[in-house]
Structure formats: C-alpha cells, structure tokens
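The structure appears below as structure tokens.
Lettering of chains follows the sequences in order, A, B, ..., and the numbering in each one begins at 1.
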Protein chains: 4
Amino acid sequence: MPRPDRPSAARERKRELILDAARAVFAAEGLEGASLRAIAARAGYTPAALYFHFDSKEAIYGELLGESLEALGEALESAVQDTSADIALRQASMAFFDFYATRPGDLDLGFYLFRGGMKPAGVGADRDRQLNAALANALQPIAEAAIDMGAGEADARRVMVDVFAHATGLLLLHHTGRIRMFGTEAKAQMTGYVDELVARIERLG
Amino acid sequence: MPRPDRPSAARERKRELILDAARAVFAAEGLEGASLRAIAARAGYTPAALYFHFDSKEAIYGELLGESLEALGEALESAVQDTSADIALRQASMAFFDFYATRPGDLDLGFYLFRGGMKPAGVGADRDRQLNAALANALQPIAEAAIDMGAGEADARRVMVDVFAHATGLLLLHHTGRIRMFGTEAKAQMTGYVDELVARIERLG
Amino acid sequence: MPRPDRPSAARERKRELILDAARAVFAAEGLEGASLRAIAARAGYTPAALYFHFDSKEAIYGELLGESLEALGEALESAVQDTSADIALRQASMAFFDFYATRPGDLDLGFYLFRGGMKPAGVGADRDRQLNAALANALQPIAEAAIDMGAGEADARRVMVDVFAHATGLLLLHHTGRIRMFGTEAKAQMTGYVDELVARIERLG
Amino acid sequence: MPRPDRPSAARERKRELILDAARAVFAAEGLEGASLRAIAARAGYTPAALYFHFDSKEAIYGELLGESLEALGEALESAVQDTSADIALRQASMAFFDFYATRPGDLDLGFYLFRGGMKPAGVGADRDRQLNAALANALQPIAEAAIDMGAGEADARRVMVDVFAHATGLLLLHHTGRIRMFGTEAKAQMTGYVDELVARIERLG
DNA sequence: TATGAATGAGTATTCATTCAT
DNA sequence: TATGAATGAATACTCATTCAT
C-alpha cells in the first residue's frame, strides 16, 4: 500500500470526490443509514477502492468532521472581524449557533464522533486528540472576545464552554423538533442567552 | 399477542429482569452495539422469548427511556419539596443535571430515542408523543418554580428550555471527557449558570 | 391429552370455529402467509390451544381439504341428478371446473397437500390415503356417467383422469391470470374440451 | 452491485456453479425447504457471497426457471424439425410432456414462480413478464404446427393452451403418484389426448 | 490505483411446537 | 380445555473489511 509522502494533486482531488460523496449520502440517508458501499457507489468507486484513500469508514467520518470544524473556525473568525469586543462575543456566539443551525448533518457528525470517541480509546485516540484541538481552535474567537472585554483567562474559558453548551443543547432541541412542544424558538433563546452573558461579563470587567 | 389485562406479578418481574439485562448491556456495549441477542442472553433467555414480553427491540428501548424519565420526574419533584421558590428552581435545575451526571446511560438512551424518533414518523409516532409528554412532565417543576418566583408562563417555559439546554450541553462535554480540555468542570459551570438564572428572574419579578 | 371417543357437540363446534378461522386467514393471506398464530388469533384462541383440537398445522390443512373434497363430491352428485348419461357427463365435468373456478383457495389447498404428500411419506401417509380416497370418491359421478354412456370401466377411469387433468391445467392458467396472455378464456376451453370428450365416447359406444 | 458488462468466463462459471447447487438443493429438499444458506453451503460459498452473483434468492429461482424454459423451447423446437405438420404437432406436444416428465424439479419451479408471481405484483413484475414471454415463446412450435395444419390463429392459440393444460394436469397426477390410484398411466393418456386433438384439427382443416 | 471476489460476523424477527400449570 | 411462557431452529439479507490480481 504505497501512501506517498507528497500526495499528488490528483490524489487529493479523488479524496475530495469521496468526501463529497459521503456528505451527499449523509444528507440523503442520515448518519446511521450511510454505508461505505453507498458512499463508494455515489463516488463512482468500488468499496474496496476507498481503502486506498482512507483507513476506514470512521476515518472518512473523521476527515469530514475535521473539515467541518475548520469551516466552523472560519465562520467564527470572520464573525469577529473589525468589531468591538462585546459585539465580537455576541457575533461569534451566534455564528456558532447559526453554523450548526444551517448544517444539521455536521451536528450529527460531531455528536457521533465525539461520543464514540470515548469507548475504544485505543484506535481513534490520535484522531480524537486532533479533533479536540480543532474544536478548541475553532472556538478560540469566543474566548478572545471575552478576554478583550476584560475577563481573565479562566473566565474566558468558562464563557467559551457556556456558549458551546447552551448552543449545543438548544440545537439538539431544534433539530429534533422537540423545541416546538415547549412553545419556544431556538434562535431567540440563544440570542437571549448571549445578551445575558455579555451583560454579565461587562459587570465583571 | 396474548397480553393479559391484569399482568401477574411474575410477569412483571420477568419484564423487569429483561429491562435490567438491557440496561446492563447498554452500559457495557453502548447503545448501538446492543443487540437483541445480547440482551436475551444476559437475561438468560432465548431471543424469541423476548417477543413474548415486548413487541420489538425499540419497544424495549422505549420502556427503558420511559422508566428513566419517570425517575427523572421524581428526582425533580423531590428536589423542590418544602422550599422557597428560588431555592426550588436552583435545586430542580441541579437535580436535572445530577440525574444525568450520575446516569450516563440514560443520557445516551435519551439522545438515541429523541434523535431517532424523527425519521420514521410513522410507527414510532405514538411512542414519540408519549416520550415527549413524559419529558415535558418531568421538567415541569422547573417551570413551576419560575412561576412561583413571579415569572410569566412564557418566561417560565423559556427558563425550562434554557436549563434543559445548558445542562444537556454541559453533560455532553462531561461524559465525553471533552470538558477537561477546556480546563473547566461541568458541575461548577452548571451551578454558575443557575446562579445567573436565578438572579435574572429575581430582577424580572 | 384426553381425546374422548364420543366427541361432544361442543367440541365439534369449536373445531369448526377453528376451521372457519383458517379458511378466513387463507382467503386473506394466502396459503403460505397463513400461520398457526394467525389462525389461532382469528379464532380467538391461543396457538397452543389449537393443539387440543388438531395434531398439527398440516392436520388443519388436511381437514380443510377433506371438507372441500366432500363439498366437491356433493357438487358433482347434484350435477348428475335426473339427466341422461351424456348430459350427466357434461354437467359433472363442468361442475368440477366451476367448483374450483369459484374457490381458488381450495385449489391452492389441494395443490399444496397433494404435492407435499410425496415427500415425507411417513407421517402424512394415512391422511394421504384418506385424501386420495376422498378425491376418487368425489370424481366418481364422472366415471359413472361414462359407463352409463356405454364405456368400459377402464375407459371410464381414463375419462375421469382426463377431465381432472384438463380442468386442473386450465384452472391453473386461469387463477394465475396467465391464460389472458394466450388470448383465451378458461371456461370456454373447458366447454370445448367436454364437447369433444362426449363426442368421442359416443363414437365409442 | 459492480456487475460488469463483459462478464468473464470465470464469473459465468461460478454463476453456473451456484445455479447447479440450487438445482441440487431443490431436488433434495424441495422448493420451499431450500434456503439460501443451504444453496450457498452446497456451492461451497458463504451466504453473503451469493449476493455478489445474484440480487436475491428469488433472482436465483428466476434464473433457474429462465434456463428451464429455454431448454423447454429447444426441446419443442428440435421435436418439430423436418416433419409434416400433423406429426410436428404430435411430437411437440409429447416433447412438452416428456420434458417435465423427466424433470420434476422444473415443474415445481414453474408452479412456484408462476403462482407466486401474482401476489407481489410490484417488485417481481418485470421478471414475471419476462417469464410469461419465455413460456409463450417456448410453446410457439405447437401453435405453428396447428397453423400449418390449416387452423386459424385463434384456434391455434386454443390448441396451445389445451395441450399445456392437459399435459400439466397429467404431470401433476404423475409426479405426485396419484395417477396410480386411478389405474391409468400419464404418458398413455397424453398420447391418447394428442391423437384426438390431431384428429379434431384435421376434421377442421 | 483499482477491481472482483469473498468472508464472517451480525441483524431483528417469525415459526410451529412443547409443557407446566 | 386452555393459557402463558419458552424454545430452537430458521429466515433473507447487510456490513465493513481483506486480498489476490
């Protein structure tokens, strides 16, 4: 299995082709329903061929999540461009929420891999660490905005976690349609939460 | 098919035996890895025998989640006993968090069924509605405490959702071990969140 | 398992109840789809209860076919009442055809049991002989009519077999809808066949 | 799923190997008793491997029946070679009878698929039409011989159906051993029937 | 780099039947 | 006479993965 050090452009193009197929299958069939065969078929490949490009089905998932987290980071980054600190915090937080609100599949993927990451603890450990780092990196703009507002480092980290947790919980209710039964709306609740959060930090500063 | 109206005690005992086995398998193998065969084996039964007690594998899951939600309701209920409204809100919220903090399997179950419940929309629709109602019912003490503190009905519902979302998000980070990488601790963050929440409602009232 | 020698009327009524249920299930689900559970359910019984009335599922089938053959015999019998020999032959033959044309389920049953009867050769041997005799008896009017027309015994038996074979083949094509693709119609072909048959016998006599 | 356009000889050989195994299992266990596992085992394969060569168990059945009908067609075809029309009709009819008299399994297969073909009406509809056409095609020599004898097209079709029906009915009695109880013999009856048939057509012409 | 072929373990569910009560 | 409980064997089919070519 010759996996060259300097991957050619063609090789990279094929990988992307497969990842695109995987994204399409996820969107159409959902995460559990997506089989390697289906991904291969949609990519115009034989199942066996995928193993020249990825180590396993989980590796494909991982790659997909990696790209998603990168896109998330860029979304937050561009949300904080050229603004005062409090508005940056506000916009970064809402950008996080909006990112997953408009990409339910990516949220699924994140749930799947972040939860599954616990069990084996052996094989996926490397990738696990990588994904952890990618997530932390993507969320960084939130922490930085908090610091710019005068918060200490520990507080900033707490803010980051709070935003992540609140948004994630609301998104879960949102994407499963459960939030309707409470007569509320996810984005409005998120906005309200961020308002409080900003006020709290300003009180601290 | 012969499901008698007055289930004997023995019958009920056996059902619980099977449910216990299912819980054990879930804990050991994870939700997705749990097969009917495994559950039957752990219960000392043949796979076919389970169908005398439950209609399907999903029915077992549903029953398990149902029991879990009932226990959750009781936990919240007893948390608000004999207290002033603000302490009731605090304690009910933390009871929710603690319930799932100490029962990771139940959180898994809830995730699985609440997320999967969307797709079929046909068969499981009844159970879906039932579970929805059970969840709403279990969370009721939180909303009631908010109302006792002077909040309107709509605000109380929002509080309920906020607590659910924040706790759920934190629990996700907690049970997957991710929260460590942010240098924080889930329960402390939850306590902090509830403090702010109570303060906010008091300001409103 | 007390199987009394002098079956009470109540016992017989219950047997008929079960047989009726079986007939209903066959009609609704087809022969292969009919399960003992389904029959029991439709009869208001538990599967196990049926074993007090019948030795096996096959025994129920056998009983059903037995009753069917009896009815067939009565149909042929009444078709030959008070007529000249040639008309008797004609009418008995067409009565055979009509009987199964209007009762597709009975034809199914006959096929199933008469074909399956070959293999085991052990258990069902008794019933097999019984069914054989019942069929031969039901067809008797055809042979008798031939004899009345002047045919010898051997010829009469051949006539009987010919009628049975021709009708059966046509019914098969009829009930499966295949006959349409040949642009013909089963009953017309049967009538034509019987015409020829009668003419042939008259030529012989 | 990767079913190449130019199937290699090896591939075809393996398909035949599986079909042979299926034929053997059918002969040994009967049609209903034949399981995919059994077929795979007899072919020296894992059950899953069969799915690389056939889409489903029914597809195997269909292929088998298809080959059988083709062989039937060839048998009739070669029976009518270089003869006068009346002898052609005689020989084609007897060839049909003989074909199934010497291949009881093929008759079983035909019964199974032609009768089962009715119910689903959805999935197997295509194959159903194909088999219909194959049967009609195989029987064509009979109709052609009738036409050569001077029969009209409609009459020729009726002759074809008559021969099919009579032979089929006799074969049923023959293969189940029932014909013995009538003191007759299937082939002799078929010959007699064909004699009458030829005489009738000659009278018409 | 890719394929065709194959594996082996696994899936939930259904069936006729048995037996103690 | 009937039930509830249970069995054991069977069902077709799917999956991620491997390997020789």
Side-chain angles (χ1 to χ4, degrees), chain A residues 1-4 8 10-11 14 32-40 44-60, chain B residues 1-4 7-8 10-11 14 32-40 43-60, chain C residues 1-4 8 10-11 14 32-40 44-60, chain D residues 1-4 7-8 10-11 14 32-40 43-60:
Chain A
M1 288 155 209
R3 204 68 59 77
S8 73
R11 181 170 180 75
K14 284 174 192 167
E32 326 271 300
S35 70
L36 200 135
R37 312 154 84 99
I39 296 171
Y45 277 114
T46 265
L50 301 203
Y51 286 87
F52 285 95
H53 301 278
F54 300 93
D55 285 338
S56 68
K57 192 189 167 194
E58 299 277 301
I60 296 180
Chain B
M1 1 201 106
R3 209 64 57 78
S8 72
R11 181 172 184 74
K14 282 173 194 165
E32 328 268 302
S35 71
L36 210 144
R37 289 144 98 104
I39 296 172
Y45 277 116
T46 260
L50 300 204
Y51 284 88
F52 186 78
H53 299 279
F54 299 94
D55 283 337
S56 68
K57 192 189 162 193
E58 296 279 303
I60 296 180
Chain C
M1 287 157 207
R3 204 69 56 77
S8 73
R11 181 169 179 75
K14 284 175 192 169
E32 325 271 299
S35 69
L36 201 137
R37 312 153 84 101
I39 296 172
Y45 277 112
T46 262
L50 301 203
Y51 286 87
F52 285 95
H53 301 278
F54 300 93
D55 284 338
S56 69
K57 193 190 165 194
E58 299 278 301
I60 296 180
Chain D
M1 347 195 120
R3 210 62 59 80
S8 72
R11 181 174 184 74
K14 282 174 194 164
E32 328 269 302
S35 71
L36 210 144
R37 292 144 98 102
I39 296 172
Y45 278 115
T46 262
L50 299 204
Y51 285 89
F52 186 79
H53 299 278
F54 299 93
D55 283 337
S56 68
K57 192 190 163 193
E58 296 279 302
I60 297 180

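Atom CZ of D/Phe52 is separated from atom P of F/dC15 by 16 Å (rounded to the nearest Å). Rounded to whole Å, the distance from CG on B/Leu50 to C1' on E/dT11 is 14 Å. Computed from coordinates, the A/Lys57 NZ to F/dA16 P distance equals 4 Å when rounded to whole Å. Atom CZ in B/Phe54 sits roughly 13 Å away from atom P in E/dT13 (whole-Å rounding). Rounded to an integer number of Å, the gap from CD of A/Glu58 to P of F/dC15 is 15 Å.
Comparing D/Ala49 and B/Leu36 against DNA chain E, the residue whose closest nucleotide sits nearer the 5' end is D/Ala49. Across the interface with DNA chain E, nearest-nucleotide mapping of D/Ala48 and B/Ala34 shows D/Ala48 to be the residue nearer the 5′ end. Taking for each of A/Ala38 and C/Gly44 the nucleotide of DNA chain F with the nearest heavy atom, the 5'-most of the two is the partner of C/Gly44.
One finds no side-chain N or O of B/His53 lying less than 4.0 angstrom from the OP1 or OP2 phosphate oxygen of F/dG4. In this model, the phosphate group of F/dT1 is approached by a side-chain N or O of C/Arg11 to a distance below 4.0 Å at OP1 or OP2. For E/dT18, the OP1/OP2 oxygens have no side-chain nitrogen or oxygen of C/Tyr51 closer than 4.0 Å. In terms of phosphate contacts, C/Tyr45 brings a side-chain nitrogen or oxygen within less than 4.0 Å of OP1 or OP2 of F/dA2. Contact annotation: B/Arg37 side-chain N/O to E/dG10 OP1/OP2 distance is not under 4.0 Å. The side chain of D/Lys14 contributes an N or O atom lying less than 4.0 Å from OP1 or OP2 of E/dA6.
Between the CG atom of B/Leu50 and the CD1 atom of B/Ile60 there is a distance of 5.0 Å, given to the nearest 0.5 Å.
Taking both residues in full, the closest heavy atoms of D/Ala49 and D/Tyr45 are given as CB-CD2, 3.7 Å, listed atom of the first, atom of the second, then distance. Closest heavy-atom contact between B/Ala34 and B/Lys57: O-NZ, 3.1 Å.
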Let me have DNA chain F in dot-bracket notation, would you? Count Watson-Crick plus G-U wobble pairs, both distances under 3.5 Å, and use [ ] for pairs crossing earlier ones and | for inter-strand partners.
.||||||||||||||||||||
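Using a 4.5 Å heavy-atom threshold, the side chains of A/Lys14 and A/Phe52 count as separate. Using a 4.5 Å heavy-atom cutoff, the side chains of D/Leu36 and D/Phe54 are not in contact.
Base engagement by D/Thr46 is indicated by at least one non-hydrogen atom pair under 4.0 Å involving a base atom.
Here C/Ala48 pairs with C/Thr46 under the side-chain contact (heavy atoms from CB on, under 4.5 Å) rule; sequence neighbours left out.
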